[in-house]
Structures are given as C-alpha cells and as structure tokens.
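Below is one structure, written out as structure tokens; comments come after it.
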There are 2 protein chains.
Amino acid sequence: MKKETILFKKGRNIFNEGEKVKGIFFLYTGSVKVYKQWGDQKQLILRFAKEGDILGHRGLGGVDVYPIAATALEDTKACFITNDFLEATLKTNPSFTYKLMHFYATELQKAEQRMRNLAHMEVKGRIAEALLELCDVFGTDEHKYISVAVSRQDIASYAGTTYETVFKFFTELIQKKIITTSGKTIKINNAAKLKQYISGHEK
Amino acid sequence: MKKETILFKKGRNIFNEGEKVKGIFFLYTGSVKVYKQWGDQKQLILRFAKEGDILGHRGLGGVDVYPIAATALEDTKACFITNDFLEATLKTNPSFTYKLMHFYATELQKAEQRMRNLAHMEVKGRIAEALLELCDVFGTDEHKYISVAVSRQDIASYAGTTYETVFKFFTELIQKKIITTSGKTIKINNAAKLKQYISGHEK
DNA sequence: CGAGTCGTTGAAAGAATTCAACTTGTGTGG
DNA sequence: CCACACAAGTTGAATTCTTTCAACGACTCG
C-alpha cells in the first residue's frame with residue numbers, strides 16, 4: 001500500500017479535527033479549506049489550499065491526531081500518502097526532508113504574520129487581507145473574477161469575524177467600486193484602495 | 001568560525017525584525033521574548049523562550065531577514081550558530097534535519113492553535129491562557145511564583161490586548177484569590193478556576 | 001522639593017457582534 | 001401555475017465588550 005488517488009466531492013470533509021492521522025495528501029486538482037473549530041458554530045479558516053499543495057502535514061507534530069479539519073470547496077482530487085511511506089521517504093531521502101523543513105518554516109512565518117494581524121489589525125483590514133489572499137492563492141479567471149467561489153461565511157471565518165460584518169463591509173466596497181460581485185464570485189477592481197484598509201494604522 | 005557563546009543583558013535585543021539573518025541561537029540560560037511589531041506602539045509576543053530553546057529559526061524560511069525580533073527578559077547566555085555551520089550540519093546529519101522538521105511542525109501547530117484563540121476567544125480567556133502558558137514555560141519557584149518576572153505590558157502583548165485591560169482583569173483575579181502577586185511576580189492559586197475563563201464558550 | 005514616570009482607576013467613546021425583522025428566492029404540493 | 005413554507009440574503013438598531021482617554025496618587029530621581 002503506497003499511494004492512491006481519491007476524489008472528494010464539493011463540501012466533503014477530507015479529514016476531521018481530532019481524527020487519527022493516517023497520512024498526508026497532495027492535491028492534484030480542486031481547492032480546500034483548512035480550519036479549526038471553536039465551539040459549535042465558529043471556525044477559523046487557517047489556510048486555503050489548491051492543486052500542488054500539501055495537506056495534513058500538520059499531523060506530523062508530536063500528537064497523532066489532526067489538529068485541524070479540511071473540507072473540499074469544489075470537487076478535488078488528491079493523492080494520499082500513508083504515514084509509513086512518508087516516513088520511509090523521509091529516512092531515505094534527506095533532501096526531501098530538508099525541503100519539507102523549509103516548507104514548514106515558511107508556513108510558520110505565515111502563521112505568525114497572520115497571528116499578529118488577527119490580534120492588532122481591525123476587522124476591515126483583515127477582510128481586505130482575506131480578499132487579497134484569496135486572489136493570490138486561487139488566481140482570477142478571464143474576467144478577473146476570483147476563480148473559486150468562496151462563501152461570505154468562509155471569508156468571515158478566515159478573517160476571524162462574523163458573516164454580517166463581512167456583508168456590510170462588502171456593501172461598502174461595492175459602493176466604492178473597489179470590488180464587484182457576480183453571484184458568489186468576486187472581482188477586485190482596485191487592489192491599491194483595498195490595501196489602504198490594511199495599512200499600519202497610525203493615527 | 002563555528003560557535004560562540006554570547007551574553008545578553010536583560011532588556012537587550014538579540015536580533016531585530018527586518019535584520020539580516022546571520023544564524024540561529026540556542027539558549028543556555030535566561031529567558032527571551034519573541035515578538036512582532038505593529039505600528040509604533042503595539043507588539044504581539046509570539047512566544048517565550050528559555051534555556052534549551054532554539055531562537056532565530058524562523059530565519060530559515062525563504063527570505064533572509066528575521067520576520068520577528070527577540071529581546072532578553074533577563075540576563076541570557078546563548079550559543080550562536082552561523083548559517084554556514086547550520087547548513088552544513090543539516091546536509092551531513094539527516095536525523096538532525098528530521099528532528100528540526102518535527103520541531104517546526106510542532107511550532108506550527110501551536111501557532112495555529114493560538115491563532116484560533118486570538119480570533120475567537122474573549123480577552124479574559126486569552127489573558128488566562130497567557131498566565132498558564134507562562135507558568136508552563138518558565139515554571140515556578142519554591143513559593144509557587146512564576147520564575148520569571150514578566151511585565152503586565154508583556155502579558156498584554158502576548159494576549160493581544162492592552163495594558164489596562166490586563167490590569168483590570170488582574171484586579172478581579174486577585175480579589176477572587178485566583179492569583180496572588182508580589183511585586184512583579186505572579187502566583188496562580190487556582191488553575192482550575194483560571195481555566196474556566198478559557199472554556200469552549202457555549203451560551 | 002518639583003518634575004516626571006509609573007501604577008491605578010473611572011468614565012467616555014468606539015468598534016464589532018448580536019439580535020431581530022424584513023426581503024428575496026427556492027422548492028414543494030395542491 | 002399558484003400558494004405556501006422554509007431557507008438564504010439583507011439591513012438597521014441595540015447591546016456588549018474593549019479600548020482609549022484622562023485624572024489622580026505614589027514613588028523615584030535629580
């Protein structure tokens with residue numbers, strides 16, 4: 001037993017928080033949200049992943065249960081790699097280990113950057129950041145719309161705020177023509193103005 | 001040039017955010033805060049480190065400047081390891097690389113845990129968490145006081161809140177005899193009650 | 001003995017969430 | 001094809017939590 005390709009339908013859970021770690025995934029196609037739960041209702045989305053990204057690597061630290069959950073945002077194909085195979089590869093292929101270590105280091109930096117933002121940036125800034133991040137991760141289609149339809153609830157969960165707050169800020173942004181929406185997809189018209197909401201917040 | 005031991009006086013910066021990465025540090029003695037700046041006045045403390053901990057390892061991800069700063073909380077001795085030496089060790093010693101990778105994976109988990117807390121936990125919970133974390137990292141002296149005197153400002157920066165808010169909550173905790181203070185040091189009398197402020201927050 | 005800093009406190013202001021209502025859309029069954 | 005029920009989208013107002021501001025007393029340093 002080594003690798004196998006699995007298809008996850010849109011909305012399906014790939015793995016759950018607290019579930020025993022069985023291995024890691026490489027995404028072939030599709031997109032995924034990775035998140036942590038808080039109470040019943042609230043979640044914090046840690047990261048969006050797309051083709052080429054690794055998933056479930058958080059299972060490698062100490063404990064043997066996933067500290068996070070992952071759900072497919074659209075139909076997603078992933079290659080599953082068992083722990084045994086992964087461990088064997090790490091042992092025989094030091095340069096792979098080295099690369100993976102660098103990957104972790106980068107992820108850590110990003111996580112800490114975001115930690116600071118969650119702590120000190122105001123909500124509008126965090127939502128603006130979330131939009132730019134989505135654009136960055138998923139890219140845009142031929143009409144400059146963000147390629148994946150992410151719900152406002154998910155944007156809220158990513159920015160660490162509520163659905164309504166996102167909604168109200170979106171209304172403001174649309175009025176100012178900084179973004180445009182069409183159904184569930186979003187277009188950023190003016191990234192520069194969006195970034196103004198982020199800035200270093202000096203009074 | 002390989003390793004050298006350096007002494008940092010209390011309050012001294014070990015390295016600054018944006019500074020070019022020169023290597024990493026292992027702490028022999030003392031304690032350190034690792035933080036990110038926000039604007040002029042605000043900072044978010046990411047982590048407290050003590051003897052035996054690694055410092056500056058965030059410099060390994062992609063960019064070659066430290067994404068964070070570190071300051072000694074008390075007189076601290078550290079062993080400095082240059083990048084060259086570190087890289088050489090990583091290349092010749094795969095099991096070290098493997099361990100370092102695991103270390104990163106664990107740090108990443110902790111960071112994401114804390115991210116969720118910053119996003120969804122209310123302030124009192126975050127302060128309570130900060131106290132328990134301090135206790136966990138630094139341990140207590142013979143009178144059960146936390147071994148290192150950390151300023152309330154630093155606790156605020158760790159919990160992502162303001163000095164005054166920490167102060168007021170401390171007053172409440174002291175009244176309820178959940179903690180005791182003596183000068184700048186703190187004793188936790190009732191960890192269980194402190195944890196109540198953290199809980200899963202279901203209404 | 002001021003000047004200034006730090007610790008302490010209360011009150012005001014502000015930001016975001018929550019709540020509740022209303023509108024729109026969707027689907028089901030008559 | 002219409003009527004009704006239910007879910008989802010939209011909005012404003014009230015509430016809550018936290019921060020900010022300002023003032024006061026204590027304590028330290030020239």
Side-chain angles (χ1 to χ4, degrees), chain A residues 10-11 38-45 73 116-131 149-176 179-186 196-203, chain B residues 10-11 38-45 116-130 149-176 179-186 196-203:
Chain A
K10 177 174 179 173
W38 176 249
D40 290 343
Q41 298 299 323
K42 290 182 181 176
Q43 52 184 216
L44 179 72
I45 294 182
L73 292 173
R116 190 201 57 184
N117 293 351
L118 281 171
H120 289 312
M121 205 179 265
E122 47 191 42
V123 174
K124 287 185 180 182
R126 301 206 303 268
I127 298 174
E129 185 113 316
L131 283 174
V150 179
S151 74
R152 277 150 216 230
Q153 178 57 67
D154 279 345
I155 292 173
S157 295
Y158 187 76
T161 182
T162 59
Y163 176 86
E164 287 97 328
T165 302
V166 169
F167 188 90
K168 287 166 189 171
F169 186 45
F170 267 39
T171 308
E172 180 185 337
L173 289 177
I174 293 168
Q175 254 172 17
K176 294 187 180 169
I179 65 170
T180 309
T181 58
S182 160
K184 301 232 169 185
T185 61
I186 302 160
Q196 286 177 6
Y197 288 97
I198 297 176
S199 72
H201 163 81
E202 46 275 310
K203 296 200 172 169
Chain B
K10 177 175 178 171
W38 177 250
D40 290 343
Q41 298 298 324
K42 290 183 180 173
Q43 51 183 219
L44 179 73
I45 295 181
R116 191 202 56 184
N117 294 351
L118 282 171
H120 290 310
M121 205 179 267
E122 48 191 43
V123 174
K124 287 184 181 183
R126 299 205 304 266
I127 297 173
E129 183 113 317
V150 180
S151 74
R152 278 150 214 228
Q153 178 58 66
D154 278 345
I155 291 173
S157 296
Y158 187 77
T161 181
T162 58
Y163 175 87
E164 287 97 329
T165 301
V166 170
F167 187 90
K168 287 165 190 172
F169 185 45
F170 267 39
T171 308
E172 179 184 339
L173 289 177
I174 292 168
Q175 255 172 16
K176 294 188 180 168
I179 65 170
T180 310
T181 57
S182 161
K184 302 234 170 183
T185 61
I186 302 159
Q196 286 178 6
Y197 288 96
I198 297 176
S199 73
H201 163 78
E202 47 273 312
K203 297 196 174 172

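Predicted model, so just to flag it, every value in this text is computed and none were measured. Chain letters run A, B, ... following the sequence lines, proteins first, then strands; residues in each count from 1. Computed from heavy atoms alone, side chains included, the values below leave out hydrogens, waters and symmetry copies.
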Next on the checklist: Rounding to an integer number of Å, can you tell me how far A/Q41 CD sits from C/dC19 C1'?
Outcome noted: 15 Å
Next on the checklist: Below 30° counts as parallel, above 60° as perpendicular, anything between as tilted: where do the rings of A/Y197 and A/F169 land?
Outcome noted: perpendicular
Checklist entry - Quick one: are A/E129 and A/Y158 in side-chain contact, heavy atoms under 4.5 Å? => result no
Checklist entry - OP1 or OP2 of D/dT19 sitting under 4.0 Å from any side-chain N/O of B/T161? => result yes
Checklist entry - Is there a side-chain polar atom (N or O) of B/T162 under 4.0 Å from OP1 or OP2 of D/dT19? => result yes
Checklist entry - Over how many whole Å does the gap from B/L118 atom CG to C/dA16 atom C1' extend? => result 17 Å
Next on the checklist: Each nucleotide in nucleotides 6-13 of chain D should get exactly one letter: B, S or -. Can you fill that in based on protein heavy atoms under 4.0 Å?
Outcome noted: ---SBBBB
Checklist entry - Roughly, in whole Å, what's the span from NE2 in A/H120 to C1' in C/dA16? => result 18 Å
Checklist outcome for this item: residues 158-175 of chain B vs salt bridge (charged side-chain N to carboxylate O under 4.0 Å, His left out), sequence neighbours excluded, gives B/K124-B/E172, B/E172-B/K176
Item to check | Length of the CD-P vector between B/E172 and C/dT9, whole Å | outcome: 13 Å
Checklist entry - Can you check the B/I127 CD1 to D/dT19 P distance for me, whole Å? => result 8 Å
Checklist entry - Atom NZ of A/K124 and atom C1' of C/dG14: how far apart are they, to the nearest Å? => result 12 Å
Item to check | Sub-4.5 Å side-chain heavy-atom contact between B/I179 and B/I174 | outcome: yes
Checklist entry - What is the distance from CD of B/E122 to P of C/dA16, rounded to the nearest Å? => result 17 Å
Item to check | Polar side-chain atom of B/H120 near backbone of A/G160 as donor-acceptor pair, under 3.5 Å | outcome: no
Checklist entry - Over how many whole Å does the gap from A/M121 atom CE to C/dA15 atom P extend? => result 16 Å
Next on the checklist: Working to the nearest 0.5 angstrom, can you tell me the gap between A/L73 CG and A/D154 CG?
Outcome noted: 6.0 Å
Checklist outcome for this item: Residue set satisfying side chain to side chain donor-acceptor pair (under 3.5 Å) with A/T165, at least two apart, ordered chain then number -> A/T162
Next on the checklist: Under 4.0 Å from OP1 or OP2 of D/dT18: is there any side-chain N or O of B/T165 that close?
Outcome noted: no
